[in-house]
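Quick caveat, the model's predicted, so the values are computed rather than measured. Every number for a ligand or one of its atoms is a count from 1 in the order of the listing. If you read the sequence from its start, that first residue is 1, and numbering goes on from there.
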Amino acid sequence: MNYVDEVLARVREKNASEPEFLQAVEEVLDSLRPVIEANEKKYRKEALLERLTEPDRQIKFRVLWVDDTGQVQVNTGYRVQFNNAIGPYKGGLRLHPSVNTSIVKFLGFEQIFKNSLTGLPIGGGKGGSDFDPKGKSDREVMAFCQSYIMELYKYIGANVDVPAGDIGTGAREIGYMYGQYKRLTGLYEGVLTGKGLSYGGSLARREATGYGLLYITRELMRCHGMNMEDKICCISGSGNVAIYAAEKAQQMGARVVTVSDSAGWIYDPDGIDVALLKEIKEVRRARLTEYAAAKPGAQYREGRGVWQVKCDIALPCATQNELGLEDAKALVAGGCRAVCEGANMPTTLEATRYLQEQGVLFVCGKASNAGGVATSALEMTQNSARLSWTFEEADAKLEQIMIHIYHNIDDAARRYGMEGNYVAGANIAGFEKVANAMLAQGVC
Ligand code: NDP
Ligand code: 2IT
């Protein structure tokens, strides 16, 4: 059996109850085949793929906090430190009831390659908890965050592991966590990113994932002879990534006609009113029904449905496996030209293959949503230098990073005879740097 299949079989056997993690590993290893085949003897002897698919460390702990009625609540906290070959572990914290070992491991594994693609010195990690911040008071969220850091502080540090936001973790949560870390350690250091601007945060970090997604999408379109002007975009989600993706898409002249949340979705043929969306989601923390109630011409529909809308560009920005084969078929039937992932692994393997076969330009999340973590790394740089860049400086660096990622993944795909396959290109380019660093550092 060849080395990739051998490792895949072992990973499947060892992690049988972790479907999301297996999905992420299968996608990556499958597209690395030509690189592995070219170096099979060396990689096998070094057990490179076994090392890459086994986290350096998995931390799982109990998180106790007291709710507003006086009731003690119990949650599970996680941090998976996956690989630090090219820099300190770096990756977000997801707070959502669905969080479990499989989810955290898939996200941590993806993060290795994504962080490598940014060109910045950051390794891969991810964490979170099954705590649901929805409907909780600020005090309850603070109690949870303080208790979570009470355990996690032992394992993180500005040069060790630097967590950040993800689903359910925004500026409010990062603020509470940062305060608790400082209280416990006495250290004022850049241990978390996505901080508020008054205590070490970077301008443009809030916008970075969504803006970065549009910078790479525009470059992709440009290199295929198209521009963003008047393009119809369907976006899913209505959180941090979706909001700033919609904002930048419209600044570029496209028209965003959908957003969604876990209960339903909005169809707004005149174009999403981003200021209204921000007010509802960032200030009021309310549901999308309020958007339809406030915006003439917009319709609210329950359940799923974003991918049924005819569009030129689809930008899934909510969660994993939200775009399946039937959705991909609807997108192709509607003439969609490009799918760029804002979320992590939002497109199923079947749907990805179908879109690629049908000639839809497809950029996977580890390349297209890398702007968030790249700007987190820029925040780390500013913290180390004890200075703050302007919005324009940070945003210009982000744009250059995203354009560079596009050409890097395009070149990697061409080098292995897979022109236009940006999934393979992203996995190969991300892998090469990490693999070289691992081999150079010996068995450790
Ligand atoms: P937010 O919590 O800000 O927003 C998440 C959005 O997705 C909400 O609209 C939420 O709806 C929706 N959503 C979440 N879970 C589900 C679900 N199971 N089914 C349907 N809808 C769901 O998170 P972000 O915008 O930060 O993250 C979105 C995606 O982008 C995630 O995959 C994340 O990993 C990825 N990402 C985030 C980065 C960042 O910098 N924040 C960087 C790179 C990737 P509701 O409010 O109803 O739950
Ligand atoms: O998935 C991701 O890249 C993030 N949630 C951002 C991670 C970070 O460290 O900024």
**Asked** Could you give the distance from CD1 (I156) to CG (L93), rounded to the nearest 0.5 Å?
**Response** 8.0 Å
**Message:** Tell me the protein heavy atom at minimum distance from atom 7 (C) of ligand 2, and give that distance in Å.
**Reply:** G92 N, 3.5 Å
**Message:** Just to be sure I read this right, does ligand 2 sit under 4.0 Å from the backbone of L107, its side chain, both, or neither, counting only heavy atoms?
**Reply:** neither
**Asked** What atoms of ligand 2 come closer than 4.0 angstrom to any heavy atom of K114?
**Response** 1 (O), 2 (C), 3 (O)
**Item:** Element-labelled atoms of ligand 2 that are located less than 4.0 Å from some non-hydrogen atom of A164
**Value:** 8 (C), 9 (O), 10 (O)
**Complete:** Contact region, R205 to ligand 1, non-hydrogen atoms below 4.0 Å, reads side chain
**Prompt:** Quick one: which ligand 2 atoms are inside 4.0 Å of a heavy atom on S376?
**Reply:** 8 (C), 9 (O), 10 (O)
**Prompt:** Which of the atoms in ligand 1, numbered in the order shown and given with their element, are less than 4.0 Å from a heavy-atom of R94?
**Reply:** 31 (C), 32 (O), 33 (C), 34 (O)
**Request:** Look at the side chain of E379 and the backbone N and O of G194, then say whether any donor-acceptor pair between them is shorter than 3.5 Å.
**Result:** yes
**Request:** With T193 as reference, evaluate V373, T375, V162 under the side chain to side chain contact (heavy atoms under 4.5 Å, CB included) test and give the passing residue.
**Result:** V162
**Heteroatom proximity flag, V241 to ligand 1, N/O under 3.5 Å** = yes
**Prompt:** Between Q251 and K248, is any side-chain donor less than 3.5 angstrom from a side-chain acceptor?
**Reply:** yes
**Asked** Is there a donor-acceptor contact under 3.5 Å from the side chain of D327 to the main chain of G324?
**Response** yes
**Prompt:** Would one find an N or O of T209, backbone or side chain, under 3.5 Å from an N or O of ligand 1?
**Reply:** yes
**Message:** Could you check whether atom CZ of R284 has more than 12 heavy atoms from other residues, nucleotides or ligands sitting under 6.0 Å from it?
**Reply:** yes
**Request:** Give the numbers and elements of all ligand 1 atoms closer than 4.0 Å to a heavy atom of H96.
**Result:** 15 (N)
**Prompt:** Is the shortest distance from atom 37 (C) of ligand 1 to a protein heavy atom below 4.0 Å?
**Reply:** yes
**Request:** Would you please classify the geometry between the Y181 ring and the Y153 ring as parallel, tilted or perpendicular, with 30° and 60° separating the classes?
**Result:** perpendicular
**Prompt:** How long is the gap from CE on M221 to CG on L214, to the nearest 0.5 Å?
**Reply:** 10.5 Å
**Item:** Nearest neighbour of atom 34 (O) of ligand 1 from the list D132, D166, I103, on a heavy-atom basis
**Value:** D166
**Message:** I want to know if ligand 1 touches N369 in the polar sense, i.e. an N/O pair below 3.5 angstrom.
**Reply:** no
**Prompt:** Quick one: which ligand 1 atoms are inside 4.0 Å of a heavy atom on C317?
**Reply:** 28 (C), 29 (C)
**Prompt:** Is the closest heavy-atom distance from R304 to ligand 1 below 4.0 Å?
**Reply:** no
**Message:** Which of the numbered atoms in ligand 1 are under 4.0 angstrom from any heavy atom belonging to S260?
**Reply:** 9 (O)
**Fill in**
among protein heavy atoms, the one nearest atom 9 (O) of ligand 1 is S238 N, 2.9 Å
**Message:** If I take atom CG from residue L107 and atom CD1 from residue I167, how far apart are they, to the nearest 0.5 angstrom?
**Reply:** 8.0 Å
**Request:** Please determine if K126 has a nitrogen or oxygen closer than 3.5 Å to a nitrogen or oxygen of ligand 1.
**Result:** no
**Request:** Would you check whether K126 reaches within less than 4.0 Å of ligand 2, judged by its heavy atoms?
**Result:** yes
**Prompt:** Can you list the residues that meet the salt bridge (Lys or Arg N to Asp or Glu O under 4.0 Å) rule with R94, with sequence neighbours excluded?
**Reply:** D166
**Prompt:** Taking both backbone and side-chain atoms of G168, is any N or O found less than 3.5 Å from an N or O belonging to ligand 1?
**Reply:** yes
**Complete:** In ligand 2, the atoms that come under 4.0 Å of a heavy atom of G165 are 4 (C), 5 (N), 6 (C)
**Request:** Have a look at A318, S368, A286 and point out the one with the heavy atom closest to atom 12 (C) of ligand 1.
**Result:** A318
**Item:** Shortest protein contact, atom 9 (O) of ligand 2 (heavy atom only)
**Value:** K90 NZ, 2.7 Å
**Prompt:** Any side-chain donor paired with an acceptor under 3.5 Å for N100 and S102?
**Reply:** no
**Message:** I need the minimum non-hydrogen distance between V257 and C234, along with the two atoms involved.
**Reply:** CG2-SG, 4.1 Å
**Item:** Trace of the side chain to side chain donor-acceptor pair (under 3.5 Å) decision for Y211 with E247
**Value:** CA-CA 8 Å; Y211 278 22; E247 181 167 279; 2.5 Å; yes
**Prompt:** Is N240 in polar range of ligand 1, meaning some N or O pair under 3.5 Å apart?
**Reply:** yes
**Enumerated ligand 2 atoms positioned under 4.0 Å from heavy atoms of G91** = 7 (C), 9 (O)
**Message:** Are Y215 and Y406 an aromatic pair, judged by ring center distance below 6.0 Å?
**Reply:** no
**Request:** Drop me the distance from D410's CG to N421's CG, to the nearest 0.5 angstrom.
**Result:** 10.5 Å
**Item:** ligand 1 contacted by K134 (non-hydrogen, < 4.0 Å)
**Value:** yes
**Request:** Answer side chain, backbone, both or neither: which part of R205 comes under 4.0 Å from ligand 2, heavy atoms only.
**Result:** side chain
**Request:** For atom 18 (N) of ligand 1, grab the closest protein heavy atom and report residue, atom and distance to one decimal in Å.
**Result:** T319 CG2, 3.7 Å
**Asked** Hey, does R94 sit under 4.0 Å from ligand 2 if you only count heavy atoms?
**Response** no
**Request:** Quick one: sort the F144 and F131 rings into parallel, tilted or perpendicular, breaks at 30° and 60°.
**Result:** parallel
**Request:** Rounded to the nearest 0.5 Å, what's the gap from NZ on K90 to CG on D161? Could you check?
**Result:** 8.0 Å
**Request:** Establish, from distance only, whether the side-chain atoms of E18 and T101 form a donor-acceptor pair under 3.5 Å.
**Result:** no
**Item:** For atom 23 (O) of ligand 1, closest protein heavy-atom neighbour
**Value:** I167 CA, 3.4 Å
**Item:** Option whose closest heavy atom lies nearest to atom 6 (C) of ligand 1, chosen from G239, A370, G212, G264
**Value:** G239
**Prompt:** Do S262 and ligand 1 have an N or O pair less than 3.5 Å apart?
**Reply:** yes
**Any donor-acceptor pair under 3.5 Å from Y178 side chain to E173 backbone** = no
**Request:** Run the numbers for me: atoms of ligand 1, each under 4.0 Å from some heavy atom of G237, listed by number.
**Result:** 9 (O)
